[in-house]
Amino acid sequence: MPKKKIPHGALVFVGDGRKALFLRNEGDEKFANLQVERVFQDDAPPTRELGTDRAGRVFASAGSDRRGAVEAPDWHDLEERVFVRKVAEAMEKLVRERRVKELIVVAPPRTLAELRHAFHDDVKACIHTEINKDLTKHPINEIENYLVGEIQ
């Protein structure tokens, strides 16, 4: 079976729960040339500023002196989920505005799962390839080289 290629004009999404890059292949299928379209960065404050209260306490039902702690929420996890939803909305808008035909999605497993749930059907219909990898901290040329080796 022949391997897929990165088509000219394809949109490439590289993201995790805190950073998202929207790239476009300005090259052709043989020689990819990824150019930055948009960058989203979540500047969430440190945990100490997100949740300053101690974990809650609960009391057992009537007639008992038993108490227990309630697990504190993971504020960064909640922030990442909100960020992924914002990015999915931006992707939907971009797909519709630019009439994107091909979309390549690169994200770590958890973010990829969140995106699958958050993407609109219009976006899902454009997905050409999904790659389970975190490349957000890499420069564009390394992302390009990785994708060319992985897809082609």
Side-chain angles (χ1 to χ4, degrees), residues 1-56 69-152:
M1 179 169 94
K3 289 190 173 186
K4 296 179 180 180
K5 299 186 183 296
I6 304 173
H8 171 75
L11 192 63
V12 178
F13 170 84
V14 177
D16 60 12
R18 309 195 118 225
K19 183 177 180 182
L21 301 169
F22 290 39
L23 310 167
R24 180 174 298 280
N25 183 15
E26 295 297 329
D28 56 21
E29 289 186 356
K30 235 179 190 183
F31 302 103
N33 179 16
L34 299 179
Q35 299 296 315
V36 177
E37 287 271 321
R38 289 188 186 157
V39 177
F40 289 86
Q41 185 105 21
D42 183 23
D43 296 320
T47 302
R48 67 180 178 274
E49 292 177 20
L50 287 173
T52 57
D53 293 339
R54 292 184 334 174
V70 176
E71 185 176 343
D74 183 344
W75 296 108
H76 283 289
D77 181 52
L78 294 172
E79 285 292 320
E80 286 180 8
R81 289 176 186 221
V82 169
F83 180 74
V84 167
R85 283 194 297 273
K86 286 180 187 176
V87 168
E89 288 173 13
M91 178 64 75
E92 178 184 350
K93 185 177 178 184
L94 190 62
V95 163
R96 288 181 177 170
E97 284 176 359
R98 303 273 174 92
R99 292 185 172 93
V100 173
K101 302 279 187 246
E102 311 275 10
L103 172 63
I104 297 168
V105 180
V106 183
R110 195 168 119 201
T111 304
L112 198 54
E114 292 281 334
L115 286 168
R116 285 182 189 131
H117 290 292
F119 278 154
H120 189 272
D121 290 338
D122 293 350
V123 177
K124 290 178 184 176
C126 296
I127 294 176
H128 175 273
T129 305
E130 286 183 348
I131 298 174
N132 191 355
K133 184 87 171 166
D134 186 359
L135 298 176
T136 55
K137 293 176 181 72
H138 296 274
I140 302 300
N141 65 328
E142 286 182 20
I143 293 171
E144 191 175 287
N145 291 338
Y146 179 81
L147 292 177
V148 167
E150 183 72 18
I151 295 175
Q152 296 182 345

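Just so it is clear, the model here is predicted, and its values are computed rather than measured.
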Gap separating the [atom1] atom of [X] from the [atom2] atom of [Y], nearest 0.5 angstrom:
X: L147; Y: L34; atom1: CG; atom2: CG; value: 6.5 Å
X: M91; Y: D122; atom1: CE; atom2: CG; value: 12.5 Å
X: E92; Y: H120; atom1: CD; atom2: NE2; value: 5.0 Å
X: I104; Y: L23; atom1: CD1; atom2: CG; value: 10.0 Å
X: L21; Y: H138; atom1: CG; atom2: NE2; value: 11.5 Å
X: I6; Y: R24; atom1: CD1; atom2: CZ; value: 13.5 Å

Return the minimal non-hydrogen interatomic distance between [X] and [Y], and the atom names on each side.
X: A20; Y: F83; value: N-CZ, 4.0 Å
X: R18; Y: D16; value: N-OD1, 2.9 Å
X: L112; Y: A107; value: N-CB, 4.0 Å
X: P108; Y: G15; value: CD-O, 3.2 Å
X: H128; Y: K5; value: CE1-O, 3.1 Å
X: G17; Y: V84; value: CA-CG2, 4.3 Å

- Give the C-alpha distance, both sets of side-chain angles, the deciding distance and a yes or no for salt bridge (charged side-chain N to carboxylate O under 4.0 Å, His left out) between E89 and K93. CA-CA 6 Å; E89 288 173 13; K93 185 177 178 184; over 6 Å; no
- Item | Partner residues of E144 under the salt bridge (charged side-chain N to carboxylate O under 4.0 Å, His left out) criterion, sequence neighbours left out |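 Counting only residues at least two positions away or on another chain, E144 forms no salt bridge (charged side-chain N to carboxylate O under 4.0 Å, His left out).
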- Listed by chain and number, what are the salt bridge (charged side-chain N to carboxylate O under 4.0 Å, His left out) partners of R98, not counting sequence neighbours?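 E37.
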- Should the heavy atoms of other residues, nucleotides or ligands under 6.0 Å from NZ of K86 be counted, would the total exceed 12?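 Check fails, neighbour count at 12 or below.
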- Task: List the steps, then state whether side chain to side chain contact (heavy atoms under 4.5 Å, CB included) holds for I131 with Y146.
- Result: CA-CA 11 Å; I131 298 174; Y146 179 81; 4.1 Å; yes
- Query: Would you call R110-E114 a salt bridge at under 4.0 Å N-O?
  - Reply: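 Answer for the salt bridge query: no.
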Would you say [X] and [Y] make side-chain contact, with heavy atoms under 4.5 Å?
X: D28; Y: F31; result: yes
X: L78; Y: V82; result: no
X: V87; Y: F13; result: yes

- How are the rings of F40 and F22 set relative to one another: parallel (under 30°), tilted (30 to 60°) or perpendicular (over 60°)?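 F40 vs F22 ring planes: tilted.
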- Task: Would you tell me whether E130 and N132 have side-chain atoms, one donor and one acceptor, within less than 3.5 Å of each other?
- Result: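 No donor-acceptor contact under 3.5 Å links the two side chains.
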- Query: P139: what forms a side chain to side chain contact (heavy atoms under 4.5 Å, CB included) with it, not counting sequence neighbours?
  - Reply: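 For P139, the residues satisfying side chain to side chain contact (heavy atoms under 4.5 Å, CB included) (neighbours in sequence not counted) are N141, E142.
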- N33 side-chain N/O to Q35 backbone N/O, donor-acceptor pair under 3.5 Å: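 It does not hold such a pair.
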